[in-house]
2 protein chains.
Amino acid sequence: MRKRPIPEATVARLPVYLRSLLALAEERRTLTVSSEELAGMAGVNAAKVRKDLSYLGSYGTRGVGYDVEYLLYQITRELGLTQDLHAAIVGVGNLGRALASFKGFAERGFRIAALFDVDETVIGTEVAGLTVRDLDELKEFAAEEPLAIGIIATPADGAQEVAERLIDAGVKSILTFASSVVKVPPDIVVRKVDLSIELQILSFYQQRREAISSAREANRVLEGELPGAAGLRTGAAEHAASFDERRAGTLHSDRR
Amino acid sequence: MRKRPIPEATVARLPVYLRSLLALAEERRTLTVSSEELAGMAGVNAAKVRKDLSYLGSYGTRGVGYDVEYLLYQITRELGLTQDLHAAIVGVGNLGRALASFKGFAERGFRIAALFDVDETVIGTEVAGLTVRDLDELKEFAAEEPLAIGIIATPADGAQEVAERLIDAGVKSILTFASSVVKVPPDIVVRKVDLSIELQILSFYQQRREAISSAREANRVLEGELPGAAGLRTGAAEHAASFDERRAGTLHSDRR
DNA sequence: CCGGGCTTGTGACTCTATTCACAAGCGACC
DNA sequence: GGTCGCTTGTGAATAGAGTCACAAGCCCGG
């Protein structure tokens, strides 16, 4: 276990622990927290919490737990949240606007430093206290006020070009909401949030569930209950059973 | 490989393939597509495409590729997108509004059937062509017009209660944007999109990158290059050096 | 109807992540 | 100062995902 390479999956959970710890720190009831308790708050299992935290170092005390304040500080530091990072949003449509006004960013030390768009009817207007700039000004803006993060909230077809412009302006971290694949050089980190994909994933499991319940129905029919519904949607039965058995209560978020 | 349990990771990629296939189908240039080509469009590797598709069945033709239309249909069916699913958005703030107007949902057959909120100043107003309803009406609404999916776009503190109400109204699939852990019974599927967590993850890798490059700089200084820069950023260099030492060797290998 | 070129489907391997289970270690109380 | 209860930290086991590499199989041209 000795030192570093913090697994990607762990990195994705650190912010969740961070939020839980902040909640604990606020209600100053507890100075210390056990992995069990933290796991409960974060919605994961306790062994995972311990393993995750162990990648940061040995910050707990056996028999006692983790010092809330200290752990808070360590996670904050590890996530690089001690410095305020500046971000720019490109694409000031509905989503871009919502993101610009989103309070959650500032709470974690992210500052939306500028908004950009290409639409002349939008450029110059004020959104969430910022004047929307022309995307062409991106590079010079970034030269003055370095941008750590670029947020792409444009339609799919503009996303690749925007990404390239951001990279050209020195941005190394990109969060894209565009429903298109954005290709970048290996030293650039991209994260993608695709709302319609999320729904499609839900749809898959929803459909599965329906297949299962109608399979159950079919089974009941076979067993002599529910005599009316015979014949509907057979064939799903076996498939359903294995599903049910395999993944009773799982599912997370990921992406990763 | 025989039949089913489609891995979660595969499910998450199917919508990406779907989008690529739709693009191919539109420009009616190709009736068939190779895993290689599809992989290029989807931004993944070809073996993964083949393995993913093989979970659906043997829909390709060796020496030829996959029939675009047929594959399109199979993925659509597997994702349950043949039926239009109805969704409700709870929480009509900035984000809720943006989601309500988001075109991407309809494109994949999702219909935003209703908007709910608890804020009386919002209830009754019209957003994206829908009248915002009182959250108290959720259950009766769902009784009339079954909702497959609930989208939570409320502040964190309301999310758990909203989730419970959705479940009580018969919703089995939930997409939450609230930055809080939502706990649900095992038969409910929840997906969570947390914007501020995404930025925190980017921050982590950003910070790591900075640590690496300043470590490189420190090394160059030690080796006698860059004599001019001595003294600058000492704090960072020192931190970087110890960082470097602790994880020597891993720095370069774990680049993605 | 045979051979060559291409592309799938998949076993085998590797890597990452999760879970288990327990020894090590801390604090409190006698 | 010893022992008891509790909680961490982590090896070992397991599960899941990604990658490799190649045999199987299809199409086409001769």
Side-chain angles (χ1 to χ4, degrees), chain A residues 1-14 16-17 21 24 30-68 70-71 74 201 242-243 245-256, chain B residues 1-14 16-17 21 30-68 70-71 74 201 250 253-256:
Chain A
M1 183 85 7
R2 221 42 279 138
K3 280 302 116 177
R4 291 319 164 18
I6 301 187
E8 209 164 316
T10 294
V11 172
R13 280 188 296 266
L14 290 180
V16 181
Y17 302 146
L21 289 167
L24 285 174
T30 49
L31 295 179
T32 190
V33 62
S34 71
S35 61
E36 195 79 47
E37 197 178 348
L38 197 49
M41 296 179 75
V44 301
N45 104 10
K48 210 185 301 197
V49 169
R50 290 201 296 277
K51 184 144 276 196
D52 284 343
L53 296 182
S54 80
Y55 290 114
L56 310 185
S58 269
Y59 296 148
T61 309
R62 290 163 197 244
V64 179
Y66 300 89
D67 180 281
V68 173
Y70 186 55
L71 191 53
Q74 291 299 345
I201 295 170
S242 68
F243 171 84
E245 173 187 287
R246 218 175 49 83
R247 51 181 5 257
T250 36
L251 269 220
H252 62 306
S253 65
D254 184 35
R255 258 152 47 171
R256 64 150 306 312
Chain B
M1 184 86 7
R2 217 47 273 138
K3 276 303 112 178
R4 289 310 160 30
I6 301 187
E8 207 166 316
T10 294
V11 172
R13 279 188 297 267
L14 290 180
V16 181
Y17 302 146
L21 290 167
T30 48
L31 295 179
T32 191
V33 62
S34 70
S35 60
E36 195 78 49
E37 198 178 347
L38 197 49
M41 296 180 76
V44 301
N45 104 11
K48 210 186 301 197
V49 170
R50 292 200 296 277
K51 185 148 275 199
D52 283 343
L53 296 182
S54 80
Y55 289 114
L56 309 186
S58 269
Y59 296 148
T61 309
R62 290 163 197 244
V64 178
Y66 300 89
D67 181 282
V68 173
Y70 187 56
L71 191 53
Q74 291 300 343
I201 294 171
T250 67
S253 61
D254 73 347
R255 217 34 287 136
R256 68 190 54 226

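From a predicted model like this one, the values you see are computed outputs, not experimental measurements. Keep in mind that the numbers below use all heavy atoms, side chains included, and drop hydrogens, waters and symmetry copies. Proteins get letters first, then strands, A, B, ... in listed order; numbering begins at 1 in each.
If you take CG of B:Leu56 and P of C:dG9, they are 10 Å apart, rounded to a whole angstrom. For A:Tyr70 and D:dT8, the OH to C1' distance is 15 Å, given to the nearest whole Å. Here C:dA17 presents its C1' atom at 11 Å from CD of A:Glu8, a figure rounded to the nearest Å. In this structure, B:Tyr59 atom OH and C:dT10 atom P are separated by 12 Å, rounded to whole Å. B:Asp52 places its CG atom 8 Å from the P atom of D:dG18, with the value rounded to the nearest Å.
Summarising the geometry, atom OH belonging to A:Tyr66 is positioned 7.0 Å from atom CZ belonging to A:Arg50; distances are rounded to the nearest 0.5 Å.
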Verdict with supporting geometry, A:Asp67 and A:Thr61, side chain to side chain contact (heavy atoms under 4.5 Å, CB included) = CA-CA 8 Å; A:Asp67 180 281; A:Thr61 309; over 6 Å; no

request  = I would like to know whether A:Tyr17 and A:Val44 meet side chain to side chain contact (heavy atoms under 4.5 Å, CB included); could you show each step before the answer?
outcome  = CA-CA 10 Å; A:Tyr17 302 146; A:Val44 301; 3.9 Å; yes

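Closest approach of A:Ala39 to A:Asn45, counting heavy atoms only: CB-C, 3.7 Å. Across B:Gly65 and B:Thr32, no two heavy atoms sit closer than the pair C-OG1, 3.8 Å.
Close to C:dG11, at under 4.0 Å from its OP1 or OP2, lies no side-chain N or O of B:Arg50. Phosphate proximity of C:dA17 to A:Tyr55: absent, as no side-chain N or O sits under 4.0 Å from OP1 or OP2. Using a 4.0 Å cut-off, no side-chain N or O of A:Arg13 falls inside it from OP1 or OP2 of C:dA17.
Legend: residues meeting side-chain hydrogen bond (donor to acceptor under 3.5 Å, both in side chains) with B:Ser34, ordered by chain and number and at least two apart, are absent. Applying the side-chain contact (heavy atoms from CB on, under 4.5 Å) criterion to A:Ala9, with sequence neighbours excluded, gives A:Arg13. With sequence neighbours excluded, the residues forming a side-chain contact (heavy atoms from CB on, under 4.5 Å) with B:Ala12 are A:Ile201, listed by chain and number. Under the rule for a side-chain hydrogen bond (donor to acceptor under 3.5 Å, both in side chains), the partners of B:Thr10 that lie at least two apart in sequence or sit in another chain are B:Asp52. For the side-chain hydrogen bond (donor to acceptor under 3.5 Å, both in side chains) test, no residue two or more places apart in sequence or in another chain qualifies with B:Glu37.
At least one side-chain heavy atom of B:Ile6 sits under 4.5 Å from a side-chain heavy atom of B:Leu56. Looking only at side-chain heavy atoms (C-beta outward), B:Leu21 and B:Leu38 come within less than 4.5 Å of each other.
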Can you give me the N/O atom pairs linking the protein to nucleotides 12-14 of chain C at distances under 3.5 Å, or say none if there are none?
residue : atom : partner : partner atom : Å
C:dA12  : N6   : B:Lys51 : NZ           : 3.2

Between the protein and nucleotides 28-30 of chain C, which nitrogen or oxygen pairs are less than 3.5 angstrom apart?
none

task = Summarise how protein sits on nucleotides 23-30 of chain D as a single string, 5' to 3': B when a protein heavy atom is under 4.0 Å from the base, S for sugar-phosphate-only contact, - for no contact.
result = BBBBS---

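A heavy atom lying under 4.0 Å from DNA chain D marks the following residues of residues 34-49 of chain A, by number: A:Ser34, A:Ser35.
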